[in-house]
Amino acid sequence: MAGGAGGEPGRQAWVALGELVRRPFGRRSGGSNPGETEFAALGEAPGEPARAEALRSGLVARATEDPEFATALAGWRRRAQPLSEGSVTNTISGGTHGGSVIQGRNFSGVTFNGPPTPPAQGR
């Protein structure tokens, strides 16, 4: 999401996480909140796994210390979950040229045992 994954919904989820991270921490006042620096760092370099891990660690630590934040973070995560599942768009154009087409997502344990289609004979 930091790098724009998920299009507009991903951007909105990233903005919502930023708002959550910037909320006051517990009863503290002033200074930055735990996770805020890590959030900004990941936003500057979204492709760096070490920055993503630092943000994850910061959010876990903060959630451990602040039950209200933990509840809000869990809600954010539920709303953002569909974005991490990805999406698939399949398009077929120009026909299948006499063969079969199978479209789907997340296939596992599927076997196709039919005999091969013989080549078309000259007309």
Side-chain angles (χ1 to χ4, degrees):
M1 286 179 257
E8 182 59 20
R11 188 195 67 75
Q12 290 174 3
W14 181 250
V15 168
L17 181 60
E19 291 169 357
L20 178 61
V21 167
R22 287 185 289 278
R23 283 187 196 167
F25 177 61
R27 299 193 192 315
R28 290 172 32 149
S29 61
S32 66
N33 293 307
E36 199 169 344
T37 302
E38 294 85 352
F39 178 83
L42 181 58
E44 293 170 2
E48 292 199 22
R51 291 185 185 207
E53 177 58 29
L55 175 59
R56 187 201 66 78
S57 296
L59 295 177
V60 167
R62 182 172 172 185
T64 301
E65 296 176 29
D66 184 351
E68 186 178 330
F69 178 79
T71 300
L73 182 61
W76 175 87
R77 188 172 180 205
R78 274 191 306 280
R79 290 185 303 277
Q81 183 65 35
L83 296 173
S84 66
E85 293 172 356
S87 63
V88 174
T89 302
N90 295 312
T91 303
I92 299 174
S93 64
T96 62
H97 304 288
S100 299
V101 174
I102 300 171
Q103 293 183 313
R105 178 175 173 190
N106 299 338
F107 289 103
S108 65
V110 178
T111 304
F112 301 98
N113 293 331
T117 304
Q121 300 294 325
R123 296 177 200 229

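Just so we're clear, the structure is a prediction, and the values are computed from it rather than from any experiment.
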> Does the gap between the ring centers of F39 and W14 come in under 6.0 Å?
Replying inline: yes
#### Entry: Q81 side-chain N/O to R78 backbone N/O, donor-acceptor pair under 3.5 Å
no
Where do [X] and [Y] come nearest, in terms of heavy atoms and distance?
{"X": "A41", "Y": "R51", "answer": "O-NH1, 2.8 Å"}
{"X": "L55", "Y": "E38", "answer": "CA-CB, 3.6 Å"}
{"X": "A63", "Y": "L73", "answer": "CB-CD2, 4.4 Å"}
{"X": "W76", "Y": "A13", "answer": "NE1-O, 2.9 Å"}
{"X": "E44", "Y": "P46", "answer": "C-CD, 3.7 Å"}

Hits for side chain to side chain contact (heavy atoms under 4.5 Å, CB included) against E53, two or more places apart or cross-chain, chain-then-number order -> R56, S57
CG (L59) and OG1 (T64) are apart, to the nearest 0.5 Å, by 10.5 Å
- [ ] List the steps and the verdict of side chain to side chain contact (heavy atoms under 4.5 Å, CB included) for V21 and R62.
- [x] CA-CA 9 Å; V21 167; R62 182 172 172 185; 4.3 Å; yes
